[in-house]
Amino acid sequence: MAKTAFITSAGKGLGHAMVRRLARAGWDVAFTYGKSQEEALRLAADVEAMGHGALAISCDLFDRESVLAALAQAKRQFSCIDALVHNFGPFVFERKPLADYDEEMWQRMMHGNLTNFFWLYREVVHDMRARGFGRFVTVGYEGAGEARGWRYRAAYAAAKSGLAALTRSIAREERTYGITANMVCPGDIRGEDKMRMIEDVAAERTEEGLRPRSARMLHAQWNGSCARTVRK
């Protein structure tokens with residue numbers, strides 16, 4: 001019987017690639033989306049065409065009740081959640097000093113990157129304990145695990161570094177129940193590349209010739225990390 005993964009914010013971007021990779025690894029998938037309904041429904045159809053279960057759920061990940069309702073919907077469809085992949089993480093693209101943040105912007109960074117993972121974790125961990133199996137995967141940024149500072153991205157860096165510490169703490173607390181928790185920290189993957197697999201770009205040529213090896217390796221490392229982590 002296939003295991004089920006729940007992935008946040010997967011209509012587009014890195015979450016989209018995670019869903020595809022997990023489905024290829026044999027998982028059923030439930031995933032949330034915000035404004036990307038068309039892409040999400042197409043992705044669910046693609047997963048079903050592979051022979052696996054898929055459920056795309058519209059969800060406001062800043063709202064606790066919406067988050068809990070999305071998990072409940074996934075559980076009704078698949079009976080349980082074996083892996084939780086928290087890909088969602090709002091980011092302020094404007095280069096903004098911390099002194100210029102207002103309360104709303106600060107809370108958005110904390111709730112979107114850290115607090116909502118607590119909501120998700122608490123809702124699924126007890127069932128995982130009862131089954132003796134569970135996987136938590138969070139997504140940081142390069143340097144999050146070292147609490148590395150980030151000029152003009154201070155709130156985001158603080159939230160992701162906090163999420164790294166929370167992930168490590170969960171790993172220590174839950175390991176006796178057969179549950180693991182890991183953070184994946186991708187490098188600088190931009191634009192449409194976030195949704196592509198390594199096999200999609202391995203032989204791709206740019207104006208300068210073959211895509212740089214470093215870019216190909218970045219895709220390989222990222223696209224494989226999530227699937228390897230939930231299989232451990």
Side-chain angles (χ1 to χ4, degrees), residues 5-19 31-37 39-40 57-71 83-125 136-173 181-195 218 222 225-226 229:
F6 184 94
I7 305 98
T8 60
S9 189
K12 294 194 297 186
L14 294 175
H16 186 283
M18 293 177 200
V19 168
F31 61 92
T32 71
Y33 66 90
K35 299 178 181 179
S36 307
Q37 181 180 39
E39 294 89 342
I57 307 169
S58 176
C59 180
D60 177 3
L61 289 163
F62 290 101
D63 181 78
R64 181 176 178 274
E65 295 307 316
S66 183
V67 168
L68 299 185
L71 280 173
L84 172 64
V85 182
H86 189 42
N87 167 65
F88 183 65
F91 181 83
V92 177
F93 287 92
E94 177 186 1
R95 292 169 60 85
K96 196 176 188 70
L98 183 62
D100 292 344
Y101 271 63
D102 58 26
E103 181 71 16
E104 181 181 357
M105 293 178 67
W106 174 264
Q107 291 299 336
R108 186 175 178 84
M109 288 297 101
M110 295 303 116
H111 276 75
N113 288 289
L114 183 57
T115 304
N116 57 7
F117 175 67
F118 170 68
W119 299 335
L120 292 158
Y121 159 78
R122 190 171 56 179
E123 194 67 15
V124 301
V125 68
F136 290 100
V137 181
T138 58
V139 179
Y141 69 94
E142 189 175 6
E146 305 165 13
R148 191 181 300 170
W150 194 349
R151 189 182 185 192
Y152 301 131
R153 302 285 188 270
Y156 178 82
K160 287 297 190 182
S161 296
L163 183 61
L166 182 60
T167 303
R168 288 191 176 110
S169 298
I170 289 171
R172 290 173 179 270
E173 291 184 4
N182 294 275
M183 173 177 271
V184 177
C185 295
D188 188 12
I189 306 174
R190 301 186 181 188
E192 294 181 358
D193 280 347
K194 292 180 179 180
M195 298 172 60
L218 185 59
W222 166 250
S225 292
C226 184
T229 299

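Fair warning: this is a prediction, and the values are worked out from it, not measured in the lab.
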Check for a donor-acceptor pair, side chain of [X] on one end and backbone N or O of [Y] on the other, with a separation under 3.5 Å.
X      : Y      : answer
Lys160 : Val139 : yes
Thr32  : Ser9   : yes
Ser66  : Leu61  : no

Can you see which heavy atom on [X] is nearest to which on [Y], and at what distance?
X      : Y      : result
Gly15  : Ile7   : O-CG2, 4.3 Å
Gly11  : His16  : O-CD2, 3.3 Å
Ala155 : Met109 : CB-CG, 3.7 Å
Tyr156 : Gly89  : CE1-O, 4.2 Å

Flag side-chain contact, heavy atom, 4.5 Å: Phe6 against Val124: no
Glu123 side chain near Trp119 side chain, heavy-atom distance below 4.5 Å: no
ring-ring contact (aromatic ring centres under 6.0 Å, His included) involving Phe62 - partner list, sequence neighbours excluded: Phe88
Reported [atom1]-to-[atom2] distance for the pair [X] and [Y], which is rounded to 0.5 angstrom:
X      : Y      : atom1 : atom2 : result
Asn113 : Arg108 : CG    : CZ    : 10.0 Å
Met110 : Trp106 : CE    : CH2   : 4.0 Å
Phe136 : Asn182 : CZ    : CG    : 11.5 Å

Stepwise side-chain contact (heavy atoms from CB on, under 4.5 Å) test for Cys59 and Tyr33: CA-CA 6 Å; Cys59 180; Tyr33 66 90; over 6 Å; no
For Leu114, all residues meeting side-chain contact (heavy atoms from CB on, under 4.5 Å), sequence neighbours excluded: Leu163, Leu166
Verdict with reasoning, Thr138 to His86, per side chain to side chain donor-acceptor pair (under 3.5 Å): CA-CA 5 Å; Thr138 58; His86 189 42; over 6 Å; no
